[in-house]
Amino acid sequence: MSKGPADAPQKYLRTKEAAPIVGLCARTLEKHRTYGTGPKYRKVGGRVLYDIDDLHAWIELGARTSTSDADATFVPPAKPHAARAPAYAGRRGRAS
């Protein structure tokens, strides 16, 4: 018995469906979209769609093995200045 399209796993998610996958609320995911700091998304007509693979890839950007992991990628917060600020912003005066 073959499965129809309705039984196929969902690959693209709306914002409210994608938010729990990355552990955020829908509004925070919308802010990431506005500031360009979030996962890739597609706009089809008026709908915003997230690919599940893109959500997992975005989460992997923040993967770390320790708090001092120098090779880890910085995932900026959903703030307007975060998208424009260099990675070292806000670290002045920490180490010398």
Side-chain angles (χ1 to χ4, degrees):
M1 192 161 146
S2 67
K3 294 182 176 183
D7 297 331
Q10 192 173 7
K11 179 154 173 72
Y12 295 102
L13 304 172
R14 305 284 305 263
T15 302
K16 286 184 179 178
E17 300 162 336
I21 291 176
V22 294
L24 300 172
C25 69
R27 181 68 184 126
T28 302
L29 201 53
E30 289 171 359
K31 287 179 182 178
H32 274 294
R33 193 168 62 236
T34 300
Y35 303 131
T37 56
K40 290 182 192 174
Y41 67 94
R42 284 125 181 105
K43 195 133 186 190
V44 179
R47 295 182 179 195
V48 172
L49 301 173
Y50 291 92
D51 187 327
I52 283 183
D53 295 335
D54 290 339
L55 294 173
H56 290 285
W58 185 66
I59 289 297
E60 282 301 313
L61 287 176
R64 300 178 192 297
T65 56
S66 75
T67 56
S68 60
D69 192 353
D71 295 331
T73 304
F74 175 70
V75 177
K79 294 183 178 180
H81 66 279
R84 296 185 307 258
Y88 57 84
R91 295 182 183 208
R92 185 175 49 175
R94 282 190 178 174
S96 299

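Evaluation of the salt bridge (Lys or Arg N to Asp or Glu O under 4.0 Å) test over residues 33-47, restricted to residues two or more places apart or in two chains, returns Arg42-Asp54.
Leu55 and Pro39 make their closest contact through CD2-CG, 3.7 Å (heavy atoms, listed as atom of the first residue, atom of the second, distance). In terms of heavy atoms, Ala19 sits closest to Cys25 at CB-C, 3.6 Å. Of all non-hydrogen atoms in His32 and Pro76, the two that sit nearest each other are CE1-O, 3.3 Å.
Connection of Val48 to Ile21 is established within a shared hydrophobic cluster, with ILVMFWY side chains joined at heavy-atom distances below 4.5 Å, either directly or through further cluster members. Cluster membership for Val22 and Tyr41, using ILVMFWY side-chain heavy atoms within less than 4.5 angstrom, is shared. Taken together through direct or relayed side-chain contacts under 4.5 Å among Ile, Leu, Val, Met, Phe, Trp and Tyr, Leu24 and Leu49 form parts of separate hydrophobic clusters. Clustering ILVMFWY residues whenever any of their side-chain heavy atoms sit less than 4.5 angstrom apart, transitively, puts Tyr50 in the very cluster that holds Val75. Clustering ILVMFWY residues whenever any of their side-chain heavy atoms sit less than 4.5 angstrom apart, transitively, puts Tyr12 in a cluster other than the one holding Trp58.
Remark: Thr67 engages no residue in a side chain to side chain donor-acceptor pair (under 3.5 Å) (not counting sequence neighbours). Under the salt bridge (Lys or Arg N to Asp or Glu O under 4.0 Å) criterion, Arg27 pairs with Glu30, sequence neighbours left out.
The distance from atom OG1 of Thr37 to atom NZ of Lys79, rounded to the nearest 0.5 Å, is 11.0 Å. To the nearest 0.5 Å, atom CG of residue Leu29 and atom CZ of residue Arg14 are 12.5 Å apart.
Side-chain contact check for Asp53 versus Lys11: some heavy-atom pair is nearer than 4.5 Å.
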